[in-house]
There are 2 protein chains.
Amino acid sequence: MAKEVSLFIDFLKTKGLKLTKQREYILDVFLATERHLSVEDLYNIVKKKDSSIGQATVFRTLKLLCEADIAQEVDLGDKRIRYEHKYGHGHHDHLVYIKCGKFIEVVDTGIERLQDKLCKRVGFLPKRHKMDIFGTCKQCQKKKR
Amino acid sequence: MAKEVSLFIDFLKTKGLKLTKQREYILDVFLATERHLSVEDLYNIVKKKDSSIGQATVFRTLKLLCEADIAQEVDLGDKRIRYEHKYGHGHHDHLVYIKCGKFIEVVDTGIERLQDKLCKRVGFLPKRHKMDIFGTCKQCQKKKR
DNA sequence: TTTGATATTGAAATTCAATATCATCTATTA
DNA sequence: TAATAGATGATATTGAATTTCAATATCAAA
Ligand SMILES: [Mn+2]
Ligand SMILES: [Mn+2]
Ligand SMILES: [Zn+2]
Ligand SMILES: [Zn+2]
């Protein structure tokens with residue numbers, strides 16, 4: 001059993017909630033997908049195998065997974081809330097490939113250090129930050145549009 | 001007359017569009033406000049003086065101002081499109097004060113340099129980026145919640 | 001087992017900002 | 001003047017996020 005599953009069970013227990021088939025299955029599918037999924041994305045995958053599961057349950061389960069620190073919201077500027085794995089994934093920033101839709105997760109300790117310095121300089125106490133760089137790869141450059 | 005106004009007139013001319021009272025007035029109000037306004041924010045200010053102007057016109061005018069490079073969209077993660085001045089304002093990032101709602105616009109050339117290096121290292125051609133740091137100031141720290 | 005309290009579910013409804021539609025209005029030109 | 005093109009504001013529509021609600025499942029206690 002994945003560590004995330006037992007984490008989720010513990011979380012649910014402390015909240016007085018239950019691990020249902022639906023929740024377990026949605027978590028399974030979420031863990032099996034290394035992408036930034038919207039609720040709809042995840043719902044579409046889930047319903048392929050079990051068409052009885054509703055969007056609302058996917059939506060609610062993702063919220064629970066966020067509360068349990070297993071998932072977290074990502075906003076890549078495309079006007080949809082997306083979710084990524086949080087457990088076992090530290091802070092990171094994104095390079096987003098605007099043509100092919102791919103992305104890379106990166107951490108640049110030099111940048112992180114300068115961010116802290118910058119904040120200190122202006123008397124600002126940082127809690128979290130977001131850095132997304134949008135661009136293209138070589139392949140994409142060749143494509144028109 | 002503000003430089004932005006003549007810019008807008010030129011832009012409209014090349015597009016075969018007209019400078020109307022509404023457009024001129026909306027631009028005036030926009031320029032007079034040094035904030036990150038949503039369409040609704042701007043509409044609320046505008047209608048105080050001229051209640052005959054509709055939301056749709058504010059919406060359309062902001063789109064035009066973006067096309068004319070006088071305004072630009074900002075997304076500070078609060079699920080609303082906001083607009084800020086673009087003309088005369090180069091690229092900048094934001095420190096966002098999560099409690100008092102204030103913000104600072106910053107540019108750290110050290111960070112920008114490291115961003116470029118990072119991209120080069122992974123063969124990524126950056127087009128634009130976004131960096132927002134969310135935190136608090138001393139005053140806000142003292143407040144509960 | 002049964003029961004009852006409580007949690008869960010999926011369909012459908014609602015919300016809310018963003019955007020499109022459309023029947024006037026208005027300015028400009030033939 | 002009439003014709004044309006654009007502009008406007010009220011209203012409708014969209015689409016994602018979220019809530020509602022009646023039906024169902026769970027599970028501990030009787
Ligand atoms: Mn970072
Ligand atoms: Mn920057
Ligand atoms: Zn990520
Ligand atoms: Zn700004």
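Every chain is numbered from 1 and lettered A, B, ... according to where its sequence line falls, protein lines coming before strand lines.
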Rounded to whole angstroms, how far apart are [atom1] on [X] and [atom2] on [N]?
{"X": "A:N44", "N": "D:dG15", "atom1": "CG", "atom2": "P", "value": "15 Å"}
{"X": "A:L37", "N": "D:dA17", "atom1": "CG", "atom2": "P", "value": "13 Å"}
{"X": "B:Y43", "N": "D:dT8", "atom1": "OH", "atom2": "P", "value": "14 Å"}
{"X": "B:L12", "N": "D:dA7", "atom1": "CG", "atom2": "P", "value": "8 Å"}

Walking DNA chain C from its 5' end, the first of B:K21 and B:V39 to be reached, judged by nearest nucleotide, is B:V39
B:K18 or B:R60: which one's nearest nucleotide on DNA chain C is closer to the 5' end? B:R60
For A:L19, what residues pass the side-chain contact (heavy atoms from CB on, under 4.5 Å) criterion, not counting sequence neighbours? A:F8, A:I9, A:L12, A:R23, A:E24
Using a strict threshold of under 4.0 Å (side-chain N to carboxylate O), is an ion pair present between B:D41 and B:R82? yes
Ionic contact status for B:K117 with A:D108, cut-off 4.0 Å: no
Scan [X] against the nucleic acid and name what it touches under 4.0 Å (heavy atoms): base, sugar-phosphate only, or nothing.
{"X": "A:K47", "answer": "nothing"}
{"X": "B:R23", "answer": "sugar-phosphate"}
{"X": "A:K15", "answer": "nothing"}

Of all pairs that satisfy side-chain hydrogen bond (donor to acceptor under 3.5 Å, both in side chains), the ones with a partner from residues 4-16 of chain A, not counting sequence neighbours: A:K15-A:E67
B:Y97: ring pair (Phe, Tyr, Trp, His ring centres under 6.0 Å) partners, not counting sequence neighbours: A:F124
Mind checking what makes ring pair (Phe, Tyr, Trp, His ring centres under 6.0 Å) contact with A:Y83, not counting sequence neighbours? none
Which residues within residues 50-59 of chain A lie with some heavy atom under 4.0 Å of an atom in DNA chain D? A:A56, A:F59
Positional range of nucleotides in DNA chain C within the contact set of chain B, heavy-atom, under 4.0 Å: C:dA17 to C:dA27
Give the nucleotide from the list D:dG9, D:dC27, D:dT18 with an atom nearest to the side chain of A:K63. D:dT18
One should read off an interatomic distance between B:I111 CD1 and B:Q115 CD, to the nearest 0.5 angstrom, of 7.0 Å
Please confirm whether the ring centroid of B:H85 lies under 6.0 Å from the ring centroid of B:F30. yes
Heavy atoms of other groups near B:K127 NZ, more than 12 under 6.0 Å: yes
